[in-house]
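Scroll down for the structure; my scribbles are underneath it.
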2 protein chains.
Amino acid sequence: MSTSWQNVQDEALRRIHSREWPPGAQIPNEADLARELGCARATVNRALRALAQAGWLERRRRAGTRVAVAPLRQAQLAIPIIRHEIEARGQTYSHGLLTRRTGPMPPQVCASLGVPQDVPAQEVRTLHLADGRTYALEHRWVYLAAVPGFADANLEEISPNEWLVLNAPFDHGTFDYSAVAADAEMSTHLECPAGTPVMMLERRTFGPTTPVTHVRLAYAPGFRLHLSI
Amino acid sequence: MSTSWQNVQDEALRRIHSREWPPGAQIPNEADLARELGCARATVNRALRALAQAGWLERRRRAGTRVAVAPLRQAQLAIPIIRHEIEARGQTYSHGLLTRRTGPMPPQVCASLGVPQDVPAQEVRTLHLADGRTYALEHRWVYLAAVPGFADANLEEISPNEWLVLNAPFDHGTFDYSAVAADAEMSTHLECPAGTPVMMLERRTFGPTTPVTHVRLAYAPGFRLHLSI
DNA sequence: AATTCGCTTATGTATGCACATAATTGAGTC
DNA sequence: GACTCAATTATGTGCATACATAAGCGAATT
């Protein structure tokens with residue numbers, strides 16, 4: 001077998017770890033490396049490209065490739081579908097629809113999604129349960145122009161979260177987690193005293209062309225957001 | 001100009017969004033697509049591979065390529081150096097060393113890092129400040145066998161966080177965020193009443209072969225963890 | 001019917017070549 | 001010295017080809 005791009009990647013990582021290629025240093029160019037390692041330049045390119053994507057290297061045309069000083073890595077972000085999140089813990093998922101109404105979004109939400117005021121929208125409040133116990137309280141605004149079918153969706157069978165993931169896959173979005181004190185509504189639904197620290201997620205998602213939805217999720221006390229690199 | 005892999009990617013994404021290729025459906029094989037789009041199979045391969053990595057497609061040898069049903073996406077997690085986090089907000093960073101001592105790690109930390117008890121380790125408590133105001137309180141255990149130089153590091157000039165990022169780049173790690181009530185120590189250093197909701201990060205990082213460090217970071221009230229996809 | 005084995009097929013990867021593109025360098029000019 | 005512009009160079013990409021590898025499928029065997 002000849003040298004695979006994985007081998008090249010491993011060798012490069014070894015040199016980075018061993019400080020043979022210290023942080024900030026420029027590494028040999030693709031052609032030289034290919035010659036040294038006995039493979040084609042395309043193979044080296046593939047390996048170095050992967051390392052750059054993983055954050056170990058920084059590459060610029062003509063300027064060459066150097067070892068990243070402060071690697072910016074990518075973390076796997078846990079699952080878009082809350083049902084899966086819960087089932088992955090071996091618990092049984094269920095959900096309850098609290099309120100649902102059509103009307104204009106509050107100005108703050110409009111601004112956050114970048115849509116004009118008075119666009120048709122729907123507000124939904126949902127409770128996510130794990131083994132019958134509250135897991136998260138969801139407050140969602142859906143931009144109906146982006147997902148017309150949502151207005152007629154049966155949200156008893158399938159949660160708005162899951163309906164949207166299946167019917168309006170998103171292109172990009174932002175996630176903002178913060179720690180807040182439970183307000184009266186959270187206190188009621190999450191079964192904790194008012195003021196209890198609660199993890200709050202504010203999420204905006206966008207389709208290829210338009211905004212889709214704005215969600216605030218309050219997780220029950222004890223929730224942990226787990227990421228790994 | 002001929003068809004680039006980006007064009008192929010765009011076209012594939014278009015078909016996914018337009019439901020021409022609905023979720024779960026199998027898409028044409030690389031050779032057919034290449035013929036249809038007028039490019040080489042390698043070009044189609046590059047495009048589909050990228051889409052698979054981004055979570056839009058699932059590929060298996062011989063079985064072909066299908067549109068992902070519930071895309072698991074990757075979020076950019078901008079971590080490593082708190083100083084950069086603060087300077088990116090246009091604030092001035094400084095830090096203060098609270099305590100530093102060498103001794104055995106608590107059993108819990110040992111277990112979390114997967115090292116035997118009584119291994120040489122160092123405990124450091126640090127305060128991170130933004131414009132002179134507390135930003136985060138750090139409580140760290142460093143496994144000295146993995147980074148011998150740490151015992152002699154001058155942590156007045158450079159924070160342990162930054163020293164480790166520069167001197168012991170990590171291979172992988174786990175991040176666990178949770179919302180907790182400020183205890184007495186946090187209350188003092190983060191300048192908030194005890195019980196205030198506070199974002200807490202528990203992070204374990206590992207080098208290519210050994211564990212490196214275990215950190216608990218308590219962020220000042222108002223902290224938001226921002227991710228985007 | 002169950003199992004084994006080999007054929008087929010779709011993706012995965014390596015290679016050599018060509019050309020595109022960005023950006024630095026340096027020579028030439030004012 | 002400051003500026004312009006072209007040559008140089010390292011990465012980025014496309015293509016044709018070849019072979020590798022996983023896995024589905026079906027025929028042959030038990």
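Note on naming: letters A, B, ... go to the chains in the order of the sequence lines (proteins, then strands), and numbering restarts at 1 for each one.
- Judged by closest nucleotide on DNA chain D, R41(A) is the one of R61(B) and R41(A) placed further toward the 5' end.
- Ionic pairing of E123(B) and R125(B) is present here: one or more N-O contacts between side-chain nitrogen and carboxylate oxygen are shorter than 4.0 angstrom.
- Cation-pi geometry between R216(B) and F175(B) is not satisfied (NZ or CZ under 6.0 Å from the ring centre, within 45° of the ring normal).
- Counted by atom type alone, H84(B) and E162(B) present zero donor-acceptor pairs between their side chains at under 3.5 Å.
- The phosphate of dG12(D) has OP1 or OP2 within less than 4.0 Å of a side-chain N or O from N45(A).
- Put simply, CZ on R49(A) is 10 Å from P on dG14(D), counting in whole angstrom units.
- Partners of E36(A) under the salt bridge (Lys or Arg N to Asp or Glu O under 4.0 Å) rule, at least two apart in sequence or in another chain, are R15(A).
- In this structure, T65(A) does not reach the dA10(D) phosphate: none of its side-chain N or O atoms is under 4.0 Å from OP1 or OP2.
- Against DNA chain D, the stretch residues 18-37 of chain A makes heavy-atom approaches under 4.0 Å through N29(A), E30(A).
- Rounded to whole Å, the distance from CG on N7(A) to C1' on dT13(C) is 12 Å.
- Rounded to an integer number of Å, the gap from L57(A) CG to dT11(D) P is 11 Å.
- Pairs passing the salt bridge (Lys or Arg N to Asp or Glu O under 4.0 Å) check and including a residue from residues 135-154 of chain B, sequence neighbours excluded, read E138(B)-R140(B).
- Overall bending of the helix from dA1(C)-dT30(D) to dC30(C)-dG1(D), expressed as the angle between end axes built from five pairs apiece, is 10° (10° steps).
- When the C1' atom of dT21(C) is taken as reference, atom CZ of R59(A) falls 14 Å away, rounded to whole Å.
- Using a 30° and 60° split on the angle between ring planes, H17(B) and W56(B) fall in the perpendicular class, above 60°.
- Rounding to whole angstrom units, CG of residue L48(B) and C1' of dG12(C) are separated by 12 Å.
- Side-chain contact between Y135(B) and Y93(B): absent, with no pair of heavy atoms (C-beta onward) separated by less than 4.5 Å.
- In terms of phosphate contacts, S4(A) brings a side-chain nitrogen or oxygen within less than 4.0 Å of OP1 or OP2 of dA14(C).
- In this entry the distance linking CD of E58(B) with C1' of dA23(D) reads 16 Å, nearest Å.
- We find that CZ of R60(A) is positioned 14 Å from P of dA10(D), with the value rounded to whole Å.
- The salt bridge (Lys or Arg N to Asp or Glu O under 4.0 Å) contacts involving residues 39-51 of chain A comprise E30(A)-R41(A), where partners must be two or more places apart or lie in separate chains.
- Not a single ring pair (Phe, Tyr, Trp, His ring centres under 6.0 Å) links Y143(A) to another residue, sequence neighbours left out.
- Between T3(A) and dA14(C), a side-chain N or O to OP1/OP2 separation shorter than 4.0 Å is absent.
- Per the geometry, CD belonging to Q9(A) stands 11 Å off P belonging to dT13(C), to the nearest Å.
- Each of R62(A) and Q6(B) has a nearest nucleotide on DNA chain D; the 5'-most of these lies closest to R62(A).
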